[in-house]
Amino acid sequence: MEEYKYYVGGEFRESKEKIEVINPATEEVFAKIFQASREDLDFAIEKAKIAKKEWKKVSFKERAKVLREIAKAILDNLQILAELETKEIGKPLKESLFVDVPLGADCFDYYASFLESLQEEVIQSELGIDLVKYEPYGVCGVYLPYNVPLMIFGFSCAGALAAGNSLIIKPSEYGSLSILELVKHLDKLDIPKGLINIITGHGETVGKYLAGSDTDIISFTGSRQTLKKIVAQSADNPKKIICELGGCNLTIIFSDADKERALQNILGSSFMKQGQMCIGTSLVLVEEGIYRGFVKELIEKTSKIKLGDPFNPTVGMGPLPSKEHLEDIHRRVEKLRAEGAKILCGGKPPEGRGYFYPSTIIEVRDVIYEEFFAPVILIKSFNKQEIEKIIGQNPTGLVTQIWTKDLDKANDLAKKANCGTVWINTFAQMTSQTPFGGIGESGWGRNLGKSGFFEYIQHKHIGIGFRRSPVEDWFGV
Ligand code: NAD
């Protein structure tokens, strides 16, 4: 059984305490990772502090070369990395192979191109010349969620590295293997030892230590509950936190929408990765005139999604990552049922091995802004008068989809939507160039695009005077 060591200061290390990695489709232990200690973290920070000084001096063009090599290392090892994500997390292989892992690589390629043409600012005025330098924060603590580890490695670490920071990465205990496999290849690159560190183990131990440690900035992707803990844990050592959380994403279907396309996009946005996508649909709102017919078709299509072995190419959904996650989801579904919500399909885990949960649609009477992060969506009808209020009051806006042929109406609603991204007649239209992040309870700060570089930069102004300064002779003494 393979054991995956963590990586600190350019050394692969192990500890006495091992954590079993379970294949959620079979419930078999197939690998082990190690619980890193506070001493390991201290060592990583010491080395990351040395590495940050070296890395900061490296020119943008030279940094670009390293980022390209990271992208190449991901793509050269695509098959094994994708298989590990599928085996550990349970999402179908075609998602890991064709979407998640390649997207991670693309982020490094994008920031390489960005750096190749980047110049710091020079402002000339009558007073003199002002240089605006792009300086890194220093050591960046990065938390990865379990669902798309290498994709979020790209989303957060490509911009942070491009900006000149060194990294201490804490992957989820449910999604550590792909990054631990990748780092075996990154170790061979000509980069300062200690520039990229990976510490594994439980959030409540090593994740907690990282929050309170002497890093200069934190990039967190995960749940709001954990963010609250990290904010508290870092209170004695405050620092900037960029955070990408989840949220209740609304998908709004007007009666004039292209229904077949809307249906297909609801299926994709609700049930890919077993519903574990931060941009996925949580609540579908269908205009009252078409509600019944639309729901009927949605149930028919949803019921055809095949649940099973995520390595089988005909399977649409694999298992959830853990027994705890499965039980928590089922408990929440049962609670809604007990409160009077109607389960239209799914809602009961199948018998047998594996942490499987079927695609589930629940009809609710009132708007509930809830993210399941599982193949469970809520559905409700709406009328034109109330939709603005429903959109505007969403406290957790990450993404909203609007489906209508009336672009004026869609654009008007998009402006009022309380969220970071609005997709009109489309879904997942995002690239490494487009800024991504939430507002309100779904996070702050942006990854990707130019914004995802400047989040990890501190601007430094150097003014070189050609004339007397504005205060010279102010007092005339
Ligand atoms: P999580 O909050 O449980 O874990 C995130 C990270 O925090 C992990 O590395 C974990 O080990 C660590 N952690 C857990 N407890 C900790 C503690 N007490 N102290 C310090 N660190 C701790 O999130 P998850 O279950 O891995 O991911 C699911 C959530 O992430 C969902 O809410 C989803 O919407 C969100 N998400 C958001 C995005 C985005 O880009 N906005 C992307 C993916 C996932």
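Values below: every heavy atom of this structure, side chains too, minus hydrogens, waters and symmetry copies. Quick caveat: nothing in here was measured; it's all calculated off a predicted structure. Indexing begins at 1, ligand by ligand and atom by atom, following the structure's order.
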Heavy-atom pair of closest approach, residues Phe373 and His325:
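Heavy-atom minimum between the residues: O-NE2, 3.0 Å.
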Between [Y] and [X], is there a salt bridge with N-O shorter than 4.0 Å?
{"X": "Arg332", "Y": "Asp328", "result": "yes"}
{"X": "Asp187", "Y": "Lys193", "result": "yes"}
{"X": "Glu95", "Y": "Lys273", "result": "yes"}
{"X": "Glu370", "Y": "Lys335", "result": "no"}
{"X": "Arg331", "Y": "Glu327", "result": "no"}
{"X": "Glu83", "Y": "Lys87", "result": "no"}

With Glu371, which residues qualify under side chain to side chain donor-acceptor pair (under 3.5 Å), at least two apart?
none
Answer side chain, backbone, both or neither: which part of [X] comes under 4.0 Å from ligand 1, heavy atoms only.
{"X": "Lys229", "answer": "side chain"}
{"X": "Tyr146", "answer": "both"}
{"X": "Pro171", "answer": "backbone"}
{"X": "Gln225", "answer": "neither"}
{"X": "Gln233", "answer": "side chain"}
{"X": "Leu245", "answer": "backbone"}
{"X": "Tyr174", "answer": "neither"}

Going through the checks in order, is the salt bridge (charged side-chain N to carboxylate O under 4.0 Å, His left out) test met by Lys5 and Glu14?
CA-CA 5 Å; Lys5 295 177 182 172; Glu14 57 183 64; 3.5 Å; yes
Is the closest N or O pair between [X] and ligand 1 shorter than 3.5 Å?
{"X": "Asn147", "value": "no"}
{"X": "Ile152", "value": "no"}
{"X": "Thr221", "value": "no"}

Atoms in ligand 1 flagged as close to [X], the criterion being non-hydrogen separation under 4.0 Å:
{"X": "Ser223", "result": "1 (P), 2 (O), 23 (O), 29 (C), 30 (O), 32 (O)"}
{"X": "Phe220", "result": "2 (O), 5 (C), 6 (C), 7 (O)"}
{"X": "Glu204", "result": "18 (N)"}
{"X": "Pro145", "result": "26 (O), 27 (O), 43 (C), 44 (C)"}
{"X": "Lys170", "result": "9 (O), 11 (O)"}

Does Phe155 have a non-hydrogen atom less than 4.0 Å from ligand 1?
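No heavy atom of Phe155 comes that close to ligand 1.
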Any heavy atom of His202 closer to ligand 1 than 4.0 angstrom?
no
Return the closest protein heavy atom for [atom] as residue, atom name and distance.
{"atom": "atom 21 (N) of ligand 1", "result": "Tyr143 CE2, 3.4 Å"}
{"atom": "atom 33 (C) of ligand 1", "result": "Phe373 CE1, 3.3 Å"}
{"atom": "atom 35 (C) of ligand 1", "result": "Gly222 O, 3.3 Å"}
{"atom": "atom 14 (C) of ligand 1", "result": "Thr226 CG2, 3.5 Å"}
{"atom": "atom 10 (C) of ligand 1", "result": "Glu173 OE1, 3.6 Å"}
{"atom": "atom 39 (C) of ligand 1", "result": "Cys278 SG, 3.3 Å"}
{"atom": "atom 8 (C) of ligand 1", "result": "Leu144 O, 3.3 Å"}
{"atom": "atom 32 (O) of ligand 1", "result": "Glu371 OE1, 3.1 Å"}

Cys140 backbone acceptor or donor facing Asn165 side chain under 3.5 Å:
no
Short question: side chain of Tyr369, backbone of Ile390 - any donor-acceptor pair under 3.5 Å?
yes
Kindly determine whether Asn237 and Ser234 satisfy side-chain hydrogen bond (donor to acceptor under 3.5 Å, both in side chains), including the steps that lead there.
CA-CA 5 Å; Asn237 209 342; Ser234 61; over 6 Å; no
Go through the steps to decide whether Arg337 and Glu334 satisfy the test salt bridge (charged side-chain N to carboxylate O under 4.0 Å, His left out), and finish with yes or no.
CA-CA 5 Å; Arg337 192 201 301 264; Glu334 283 303 307; 3.0 Å; yes
Within 45° of the ring axis of Phe34 and under 6.0 Å from its six-membered ring centre, is that where the NZ or CZ of Arg13 lies?
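Output no; distance or angle outside limits.
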Check whether more than 12 heavy atoms from other residues, nucleotides or ligands sit under 6.0 Å from atom NZ of Lys323, and answer yes or no.
no
